[in-house]
Amino acid sequence: MTGGFKCLHCIHCCFFAQEWESPIVFPWEKRLLERMLNDAGLRGVFAPVEAYGPLPGGGCVVVLYRWVVRGFCPFYDSVSRRCMIHELKPLACRMFPLLLELPSGRLMLSAACDAVRPPIRGGVERVFPVELRAAETVLLLYTGVVERLRSLGLERVDASKCGGLVDADIYLEMLAGGEGWGVEGD
Ligand code: SF4
Ligand code: SF4
């Protein structure tokens, strides 16, 4: 395969048979999704998957959430077979069919995508330029947030044992006196 891939607009990007298949999103993406779901009269379920702590009082800082979707994504239009929030969809959707392992940064190709089958001739950069950029952005943002939290003495903890949760970008903004600390794409 050379010169970019052609999406077949099948359902596999947007249909989640199992909870673990659902997209992983940053906290600021979660809040945007919540607003868009709310506007559509819907509610989303978001489960913390990577948290750091401890904070005073037993709270934790969440770096990543799983957007728990079962079946079709509420933003999938099954008639046009398109994403209804294409311009605002999370980075996890933007990078598909590339999958990113964190924290290693290892890239994989989803076996669920019918449009691509290894071997990918021409290189990932050439076949998936847009998707690769999204994956690189995730890695950059993730690494930046985690390094900052570690520099503050926080370590990865079991999110299910946290006394309270605060989104990582909000926490870091709070520490910076509300002036922000440069999360790209927020
Ligand atoms: S946000 Fe869009 S691309 Fe992502 S799963 Fe939902 S419909 Fe699909
Ligand atoms: S699984 Fe592949 S072919 Fe199907 S919609 Fe997603 S990117 Fe396109």
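Throughout, numbering of the chain's residues begins at 1 and tracks the sequence. Only this structure's heavy atoms are used, side chains among them; waters, hydrogens and symmetry mates stay out.
Across every non-hydrogen atom of Cys7 and Ala115, the tightest pair is CA-CB, 4.5 Å. Across Pro74 and Val69, no two heavy atoms sit closer than the pair CD-CG1, 4.1 Å. Nearest heavy atoms, Phe96 versus Ala112: CZ-CB, 4.5 Å. Taking each heavy atom of Leu165 and Pro48 in turn, the nearest pair found is CD1-CG, 3.7 Å. The heavy-atom pair separating Arg156 from Val49 by the smallest distance is NH2-O, 3.3 Å. Looking at every heavy atom in both residues, Ser160 comes nearest to Asp158 through OG-OD1, 2.7 Å.
For the pair Leu32/Glu29, no side-chain contact is recorded, criterion being any heavy-atom separation below 4.5 Å from C-beta on. A heavy-atom distance below 4.5 Å is not found between the side chains of Glu147 and Arg150. Between Arg106 and Leu100, every side-chain heavy-atom pair lies at or beyond the 4.5 Å cut-off. The side-chain heavy atoms of Phe46 and Val68, taken from C-beta on, include no pair separated by under 4.5 Å. Between Pro27 and Ile170 the shortest side-chain heavy-atom distance does not fall below 4.5 Å. A heavy-atom distance below 4.5 Å is found between the side chains of Leu102 and Val138. At a threshold of 4.5 Å between non-hydrogen side-chain atoms, the residues Tyr171 and Leu152 count as touching. Annotation: side chain of Leu55 is in contact with side chain of Val166 (closest heavy-atom distance under 4.5 Å).
Screening residues 28-115 for disulfide bond (SG atoms under 2.5 Å apart) gives Cys60-Cys162 as the qualifying pairs, with residues at least two apart or on separate chains. Residues in residues 51-70 take part in these side chain to side chain donor-acceptor pair (under 3.5 Å) pairs, two or more places apart or across chains: Glu50-Tyr52, Tyr65-Asp167. Among pairs with a residue in residues 83-95, those fulfilling side chain to side chain donor-acceptor pair (under 3.5 Å) read His86-Lys89, at least two apart in sequence or across chains.
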side-chain contact (heavy atoms from CB on, under 4.5 Å) evaluation trace for Asn38 with Leu42:
CA-CA 5 Å; Asn38 190 50; Leu42 300 167; over 6 Å; no
Checking Leu109 against Leu98 for the side-chain contact (heavy atoms from CB on, under 4.5 Å) test, could you report, in this order, the C-alpha distance in whole Å, the side-chain angles of both residues, the deciding distance, and whether it holds?
CA-CA 5 Å; Leu109 184 62; Leu98 298 183; 4.2 Å; yes
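In the model, Glu19 has no side-chain atom that pairs as donor or acceptor with a side-chain atom of Ser22 under 3.5 Å.
Considering only residues two or more places apart in sequence or on other chains, Phe15 meets the ring-ring contact (aromatic ring centres under 6.0 Å, His included) condition with Phe72. Phe16 meets the ring-ring contact (aromatic ring centres under 6.0 Å, His included) test with no other residue; sequence neighbours excluded. Every residue meeting the ring-ring contact (aromatic ring centres under 6.0 Å, His included) condition with Phe26, not counting sequence neighbours, appears here in chain and number order: Trp28.
A salt bridge links Arg31 and Asp169; the closest N-O separation between the charged side-chain nitrogens and carboxylate oxygens is under 4.0 Å.
No single ILVMFWY cluster, assembled from side-chain heavy atoms under 4.5 Å apart, contains both Tyr76 and Leu33. At a threshold of 4.5 Å between side-chain heavy atoms, the hydrophobic network of Ile, Leu, Val, Met, Phe, Trp and Tyr places Met95 and Leu88 in two separate groups. One hydrophobic cluster holds both Ile24 and Leu139 under the rule that ILVMFWY side chains link at heavy-atom gaps under 4.5 Å. In the hydrophobic cluster analysis, where Ile, Leu, Val, Met, Phe, Trp and Tyr join through side-chain heavy atoms closer than 4.5 angstrom, Val157 is grouped apart from Leu154. Clustering ILVMFWY residues whenever any of their side-chain heavy atoms sit less than 4.5 angstrom apart, transitively, puts Val124 in the very cluster that holds Leu91.
Note that NZ of Lys6 is 7.0 Å distant from NE2 of His9, once rounded to the nearest 0.5 Å. Rounded to the nearest 0.5 angstrom, Glu125 CD and Leu132 CG are separated by 6.0 Å. Atom CZ of Arg81 sits about 7.5 Å away from atom CD1 of Ile11, to the nearest 0.5 Å. Atom CZ of Arg35 is separated from atom CG of Leu37 by 11.5 Å, given to the nearest 0.5 angstrom.
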